[in-house]
Novice: 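Sharing a structure here in structure tokens format.
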Amino acid sequence: MMIYEKMDSIAILKATGFAGRDVKTIFLFISLSIGIAGGLLGLLFGFILSVIIDQIPFVTASLPTVTSYPVNYNPVYYIIAAGFSLATTFFAGFFPAKKASKVDPVVIIRGK
Amino acid sequence: MKTILEAQHINKYFSSPNKIKVLNDINFSINEREFVTVIGKSGCGKSTLLYILSTMDTDHEGSLVIDGEKMDEKKDWELARIRNEKIGFIFQFHYLLNEFTVLRNVMLPGLKLGKFTEKEIEKQALEKLAMLGIEHLASKKANRISGGEKQRVAIARALINNPAIIMGDEPTGNLDKKNREIVFDIFSSLAKEFNQTLLIVTHDESMAAISNRIIEMEDGRIIN
Ligand SMILES: Nc1ncnc2c1ncn2[C@@H]1O[C@H](COP(=O)(O)OP(=O)(O)OP(=O)(O)O)[C@@H](O)[C@H]1O
Ligand SMILES: [Mg+2]
């Protein structure tokens, strides 16, 4: 994540009284928000695409009842996808957030 | 009179590249309502001392007492709490959070403290901004204002929790003459009208001249 660009912000937060774990919470919150927003968008676009594909004519002699591309809308797949997007963003956010919580404000403030 | 801050036998070493002692047996105290300035040549250890006194740097020998409480054995989150509640810090490079508005920047330490509701903190923040003559900037993004304005916002932020002491590391060091005078007048009125306890590191002789006491440092020691 973007913790290298946010060093100044982390230093300010710590200097003004936010503890390491507050900083960690803030960064985890940011990455989870991104994960949730991204996950929802992904599900929505996935669903729209499936509906479009579902309209495509698909005629075959071996399956006389099928007239369009077969699409499976089973909610289980959506749940798996949502879970996967949350889990990846959590892990992608967890280590940077932990690193952010350990930033020494003195090093940043002095480094200017 | 109440003692706000006390440094007892503070020594500080840096070990890279080789071990050097940058602070040597620093002893002094600051009383309530006192305006103290710290002066000394570049490299004599002023910033290093201020980072220790503000509880941000805990890697030192000796004791620090703030508002009657010993800091030595405190955990990180306890020190953060003390910085939040009792210390207002002003840097040379007016650090603000660029992703927020001016008002939000000032409110942030108050929101962290959680002593008042968000509405009340907003009102207090607007009062501080008004006191410093910049309430019209409240809704601006923090990176859309000038350097002098940023430093005044940083002062408002330092004041938001009515801290026991305000510390500044060359708060006028990066400003032009006009803004230096504005900030200078603010410190002067904070000291005289608001009886704010202040500890300011400065190269500015006129700033030192209006303080109650000047601490002069040389090579990691207090010489005066
Ligand atoms: N991280 C560090 N590692 C090693 N030495 C350091 C480190 N930070 C500072 N020093 C040294 O410690 C001494 C004191 O530095 P400090 O920044 O406190 O001085 P200062 O009085 O604030 O100077 P200035 O007026 O230029 O801001 C200097 O000699 C500096 O080179
Ligand atoms: Mg310095």
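FYI, side chains are in, hydrogens and waters are out, and symmetry mates aren't considered; it's all heavy atoms of this structure. Reminder, nothing fancy here: chain letters follow the sequence lines and each chain counts from 1.
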Novice: How about CG on D219(B), more than 12 heavy atoms from neighbouring residues, nucleotides or ligands closer than 6.0 Å, or not?
Specialist: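 Not more than 12 within 6.0 Å, no.
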
Novice: For G17(A) and R83(B), work out which heavy atoms get closest and say how close.
Specialist: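 Nearest pair, atom of G17(A) first, then R83(B): CA-CB, 4.2 Å.
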
Novice: At their closest point, which heavy atom of L13(A) faces which heavy atom of L108(B), and how far apart are they?
Specialist: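 Closest approach of L13(A) to L108(B), heavy atoms only: CD2-CD2, 3.7 Å.
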
Novice: Within the supplied structure, the quantity of interest is the number of heavy atoms (other residues, nucleotides, ligands) at a distance under 6.0 Å from Y78(A) OH; does it exceed 12?
Specialist: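 Check passes, neighbour count above 12.
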
Novice: Using a 6.0 Å cut-off, check whether atom CZ of F29(A) has over 12 heavy atoms from anything other than its own residue.
Specialist: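 No - once you tally the heavy atoms of other residues, nucleotides and ligands closer than 6.0 Å, there are 12 at most.
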
Novice: Answer yes or no: are there more than 12 heavy-atom neighbours, outside K140(B) itself, under 6.0 Å from its atom NZ?
Specialist: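 Open: at most 12 neighbouring heavy atoms sit under 6.0 Å from NZ of K140(B).
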
Novice: Can you tell which part of E85(B) gets under 4.5 Å to a heavy atom of chain A, answering side chain, backbone, both or neither?
Specialist: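 Nothing of E85(B), per the 4.5 Å heavy-atom cut-off to chain A.
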
Novice: To the nearest 0.5 angstrom, please state how far the CD1 atom of I12(A) sits from the OH atom of Y95(B).
Specialist: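 Taking CD1 in I12(A) and OH in Y95(B), the distance rounds to 7.5 Å.
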
Novice: Could you tell me whether the side chain of K112(B) reaches within less than 4.5 Å of the side chain of T16(A), counting heavy atoms only?
Specialist: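 No, side chains not in contact.
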
Novice: More than 12 non-hydrogen atoms from neighbouring residues, nucleotides or ligands closer than 6.0 Å to CZ on F14(B), yes or no?
Specialist: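 Yes, CZ of F14(B) has more than 12 neighbouring heavy atoms, counting only those of other groups under 6.0 Å.
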
Novice: Evaluate whether atom OH of Y73(A) has more than 12 neighbouring non-hydrogen atoms of other residues, nucleotides or ligands under 6.0 angstrom away.
Specialist: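 More than 12 within 6.0 Å, yes.
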
Novice: Does any backbone or side-chain atom of T55(B) lie under 4.5 Å from a heavy atom of chain A? Answer side chain, backbone, both or neither.
Specialist: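 Neither part, no heavy atoms under 4.5 Å.
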
Novice: Minimum heavy-atom separation for F91(B) and A15(A), please, with both atom names.
Specialist: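 Looking at all heavy atoms of both residues, the closest pair is CZ-CB, 3.6 Å.
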
Novice: What residues of residues 63-79 of chain B sit under 4.5 Å from chain A when you count only heavy atoms?
Specialist: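 Hits under 4.5 Å: W77(B).
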
Novice: If you count heavy-atom pairs under 4.5 Å between each of D169(B), T48(B), N98(B), L113(B) and chain A, which one has the most?
Specialist: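 Of D169(B), T48(B), N98(B), L113(B), T48(B) has the most heavy-atom pairs under 4.5 Å with chain A.
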
Novice: Any heavy-atom pair between the side chains of M56(B) and I109(A) that's under 4.5 Å?
Specialist: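 Side-chain contact under 4.5 Å: yes.
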
